[in-house]
**Student:** 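Structure provided below as structure tokens; questions to follow.
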Amino acid sequence: MSLALEVCRQGSETLLHGEFGTYPPKGIRYALSLTWTELHIQRLVPKPDSDHRMVVRLVDVAGCHTLRSHMLADRSAYFCVYAYPLKKRKVAVGAGRARQRTARTFQVDGAESFVDNQAMAEKWAAAIKCLVLGIPISSETALCRRAPRILDYSRLLNLLNELLI
């Protein structure tokens, strides 16, 4: 089920938007909106007290891939986004910021068949990978279902090197 969201920032184009569940399934639904530089995540169900959006900057993203359930009867597909955003340190000595790994897995369950849900998950994963690698796309870009794997281990190594410095 698609959900049209307003453009998240003036002048930034929303490339993809949709409504997804979480993994493990807890009845929580999120609206995701992908722009050139950020992935906006807004909780929908259950209704939050405030309109709190989580923003994942794509410069902090190290990877994204698709998954499937071990249960054959499950028609849902999944995609997971790995990021290393800067967060405040929780130690008393030495205030500052450090990168901390976060992984968010989203359940694609809007279609009646697994094949359609997997195609949507692969579309999101391919779009995120392209943007992370600096490959230009737009909202009209056709991201094919079986796009070649776009892996860039050098980006992951660069992020890890920043952690060690």
Side-chain angles (χ1 to χ4, degrees), residues 1-5 8 13-48 52-85 87 99-160 163:
M1 176 173 162
S2 288
L3 176 67
L5 296 176
C8 298
E13 177 185 7
T14 300
L15 303 172
L16 289 175
H17 49 71
E19 181 183 319
F20 303 107
T22 60
Y23 181 82
K26 298 177 184 174
I28 300 171
R29 304 290 296 173
Y30 289 94
L32 270 63
S33 181
L34 182 65
T35 67
W36 280 82
T37 58
E38 298 168 331
L39 175 65
H40 296 261
I41 305 168
Q42 181 180 11
R43 186 175 177 163
L44 296 176
V45 176
K47 184 85 173 141
H52 178 71
R53 285 186 192 209
M54 182 175 149
V55 178
V56 178
R57 297 176 342 148
L58 293 181
V59 295
D60 295 334
V61 172
C64 182
H65 71 274
T66 59
L67 305 158
R68 82 173 292 161
S69 176
H70 293 291
M71 299 185 310
L72 296 176
D74 188 4
R75 63 179 175 84
S76 299
Y78 304 87
F79 67 96
C80 185
V81 179
Y82 298 96
Y84 289 83
K87 296 198 175 188
R99 293 199 179 271
Q100 183 177 359
R101 180 180 187 261
T102 60
R104 299 292 302 254
T105 303
F106 299 99
Q107 178 183 22
V108 182
D109 57 359
E112 294 297 319
S113 71
F114 170 76
V115 173
D116 294 337
N117 288 328
Q118 182 68 18
M120 179 62 70
E122 288 176 358
K123 180 178 180 177
W124 274 82
I128 291 170
K129 288 176 187 179
C130 284
L131 292 172
V132 165
L133 293 174
I135 300 171
I137 64 169
S138 71
S139 57
E140 286 83 32
T141 302
L143 297 167
C144 64
R145 183 171 174 254
R146 292 289 176 195
R149 290 186 176 240
I150 305 168
L151 298 175
D152 186 11
Y153 291 107
S154 63
R155 177 160 178 76
L156 177 60
L157 292 175
N158 286 338
L159 282 172
L160 292 175
L163 288 172

**Student:** Please find the pair of heavy atoms, one from Gln42 and one from Arg53, that lie closest to each other, and give the distance.
**Tutor:** OE1-NH2, 3.5 Å
**Student:** Going by heavy atoms in the side chains, are Arg99 and Asp60 under 4.5 Å from each other?
**Tutor:** yes
**Student:** Just how far is it from atom CZ of Arg75 to atom OG of Ser69, taken to the nearest 0.5 Å?
**Tutor:** 12.0 Å
**Student:** With sequence neighbours excluded, tell me which residues meet side chain to side chain contact (heavy atoms under 4.5 Å, CB included) with Ala125.
**Tutor:** Cys64, Thr66
**Student:** For the pair Phe20 and Phe106, name the ring-plane relationship: parallel under 30°, tilted 30 to 60°, perpendicular over 60°.
**Tutor:** tilted
**Student:** Just so I know, are the side chains of Phe79 and Met120 near enough to count as touching, which here means a heavy-atom distance under 4.5 Å?
**Tutor:** no
**Student:** Does a side-chain heavy-atom distance below 4.5 Å link Trp124 with Val108?
**Tutor:** no
**Student:** Before giving the answer on side chain to side chain contact (heavy atoms under 4.5 Å, CB included), spell out for Val61 and Leu39 the whole-Å C-alpha distance, their side-chain angles and the decisive distance to 0.1 Å.
**Tutor:** CA-CA 10 Å; Val61 172; Leu39 175 65; over 6 Å; no
**Student:** Ignoring hydrogens, what is the shortest heavy-atom contact between Ala77 and Phe114? Give both atom names and the distance.
**Tutor:** CB-CE1, 4.1 Å
**Student:** Is the shortest heavy-atom distance from the side chain of Asp109 to the side chain of Arg29 under 4.5 Å?
**Tutor:** yes
**Student:** Are any non-hydrogen side-chain atoms of Val56 and Thr102 less than 4.5 angstrom apart?
**Tutor:** no
**Student:** Could you walk me through whether Thr37 and Val59 pass the side chain to side chain contact (heavy atoms under 4.5 Å, CB included) test, one step at a time?
**Tutor:** CA-CA 7 Å; Thr37 58; Val59 295; over 6 Å; no
**Student:** May I have the step-by-step check of side chain to side chain contact (heavy atoms under 4.5 Å, CB included) for Leu34 and Leu58, ending in yes or no?
**Tutor:** CA-CA 9 Å; Leu34 182 65; Leu58 293 181; 4.1 Å; yes
**Student:** Does a side-chain heavy-atom distance below 4.5 Å link Met54 with Tyr30?
**Tutor:** no
**Student:** Which pair of heavy atoms, one from Asn117 and one from Gly110, lies closest together, and at what distance?
**Tutor:** OD1-N, 3.4 Å
**Student:** If you round to the nearest 0.5 Å, how far is CG of Leu16 from CG of Leu131?
**Tutor:** 8.5 Å
**Student:** If only atom types and distance count, is the side chain of Arg57 paired as donor or acceptor with the main-chain N or O of Pro85 below 3.5 Å?
**Tutor:** no
**Student:** In chain order, what residues pass the side chain to side chain contact (heavy atoms under 4.5 Å, CB included) check against Thr105, with sequence neighbours excluded?
**Tutor:** Tyr23, Leu67, Tyr78, Cys80
**Student:** Rounded to the nearest 0.5 Å, what's the gap from CD on Glu122 to NZ on Lys129? Could you check?
**Tutor:** 9.0 Å
